[in-house]
Amino acid sequence: MYVLSPIRSLLYSPLPKPYPLKPPRCSDCAPLFMKAKCNHNLVNSVIKFHQLGIDPSIPTHGSIHNPKRVPHRYTSNTSLKAGVLSSNNDTPTTPRCVVLDIEGTTTPISFVTDVLFPYARDNVRMHLEATYDSDDTKEDIKLLRSQVQDDLQNGVIGAVPIPSDDAEKEEVISALVANVEGMIKADRKITSLKQLQGHIWHTGFKKNELEGVVYDDVPQALERWHACGVKVYIYSSGSRLAQRLLFGYTNYGDLRKYLCGFFDTTIGNKKETKSYIEISESLGVDEPSDILFVTDVYQEAVAAKIAGTVEPNVLTGLEVMISVRPGNGPLPENHGFMLIKSFTEIPF
């Protein structure tokens, strides 16, 4: 099944079936499209009911006893304080895990766009020339060559053919530099670019030419969650190496001791629901709602929120909060998510 967000971006697509099975014809899919439209309306309705504090799954004559465990619901007796469900008579529920975005959530977007990206762009040629014969750079070139081949086939503007390994070194490097500069300018979230950037930044951090930046409220929150047993993970479009470097060399010292793991685009695109399903399964939680995800991107919030939806009127995906920091992008009206301006507003 294909899942679309309210703004019609692709959140989930099914895995291809093995031969000899064939894709369905468009004429076979009309009932599915009708069902998808109904499900789209249901998701919008649930979000709206959530905003009003109403649970559409509970009838007016009272709830019917169900001995099976049911996922969290937004009921009229339930408050959503900073995105974490709690009863009016109970203390806020502490999730088992927290998954954090980086840009606009733990770190200013300007640090990435004004410091990290320019550093990678300005040093890509020097890095490739110095490490051309290393195993890491050979793998980087292999990934970039594959990505550029796809880009050329898809007519991506700025894609330049990369000569084979038999060509002169300088010829190959010049083509690589041209492609990387175009990818950085377009801010593409692709593994081949992010992996190479991570290797370039590694040199910068080791030489003390770069220092990671996090918001002032981040170190205290990480320490607090670590002390109370909440496991914290990072999910970013940047490579896992780049994530470890950023949190290992911050303006507050090495923060990696508070982090349990890192996810990047090798697990999936951040705007696709299947990525958050993979993360939930990797973390081994009982329910996706045992995870709190904090991001500044609306499409990522939607994708995470519907990950694991199993009932027609109930969203059982990750708990989600949207980070509102200086320089972050605008959000659509009536988005239905809780907003925070600082990690101090998270009640655990």
Side-chain angles (χ1 to χ4, degrees), residues 71-72 78-87 90-109 111-112 212-238 240 242-264 267 270 275-297 300-301 303-305 307-308 316-325 328 337-348:
H72 294 304
T78 303
S79 63
L80 187 60
K81 183 178 181 182
V84 182
L85 287 170
S86 63
S87 168
D90 299 329
T91 56
T93 302
T94 300
R96 290 178 56 187
C97 303
V98 173
V99 177
L100 301 173
D101 171 49
I102 292 180
E103 292 181 52
T105 300
T106 67
T107 298
I109 293 178
F111 172 72
V112 178
V213 175
V214 297
Y215 291 110
D216 294 338
D217 54 276
V218 171
Q220 293 181 353
L222 295 180
E223 183 177 6
R224 183 173 71 250
W225 294 333
H226 181 75
C228 65
V230 176
K231 296 182 178 180
V232 183
Y233 300 83
I234 303 298
Y235 182 27
S236 172
S237 58
R240 287 179 294 178
Q243 296 173 36
R244 292 194 298 269
L245 290 168
L246 192 151
F247 287 97
Y249 297 86
T250 79
N251 49 329
Y252 284 91
D254 190 347
L255 300 178
R256 290 174 297 181
K257 58 187 175 183
Y258 302 125
L259 303 174
C260 296
F262 303 87
F263 296 100
D264 61 12
I267 204 167
K270 293 185 69 182
S275 304
Y276 300 92
I277 295 175
E278 287 290 335
I279 288 175
S280 299
E281 293 176 350
S282 298
L283 299 186
V285 294
D286 295 326
E287 300 285 349
S289 55
D290 290 334
I291 303 171
L292 171 63
F293 176 55
V294 186
T295 181
D296 66 308
V297 179
E300 296 175 5
K305 191 59 192 174
T316 61
L318 283 65
E319 294 294 342
V320 179
M321 289 187 289
I322 292 183
S323 172
V324 180
R325 304 279 196 175
N328 285 10
F337 292 99
M338 299 303 297
L339 306 179
I340 60 165
K341 296 181 179 180
S342 167
F343 284 5
T344 59
E345 298 175 13
I346 301 177
F348 62 87

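For clarity, every value in this text was computed on a predicted model and none was experimentally measured.
Looking only at atom types and distance, the side chain of D264 has no donor-acceptor partner in the side chain of Y235 under 3.5 Å away. Side chains of T295 and E300: a donor-acceptor N/O pair is present below 3.5 angstrom, by distance only.
When side chains are defined from C-beta on, S282 counts as touching F263, because their heavy atoms get closer than 4.5 Å. The side-chain heavy atoms of Y233 and L100, taken from C-beta on, include no pair separated by under 4.5 Å. Side-chain atoms of Y258 and P219, non-hydrogen and from C-beta on, never get closer than 4.5 Å to each other. Contact check for S342 versus Y215: no side-chain heavy atoms found under the 4.5 Å cut-off. In this structure the side chain of V285 reaches within 4.5 angstrom of the side chain of C97, judged on heavy atoms. Two residues are said to be in side-chain contact when any heavy atoms from C-beta on lie closer than 4.5 Å; N328 and V324 fail this criterion. In this structure, the side chains of P288 and L318 come closer than 4.5 Å at one or more pairs of heavy atoms. Within the 4.5 Å cutoff, no side-chain heavy atoms of F247 are placed close to those of D254.
In this structure, OG1 in T107 is found 9.0 Å from CG in D101, a value given to the nearest 0.5 Å. Note that CG of L222 and CG of D217 are 9.5 Å apart. Values are rounded to the nearest 0.5 Å.
Aromatic ring centres of F293 and Y276: separated by under 6.0 Å.
Remark: R325 qualifies as a cation-pi partner of F343 under the 6.0 Å distance and 45° angle criteria applied to the six-membered ring.
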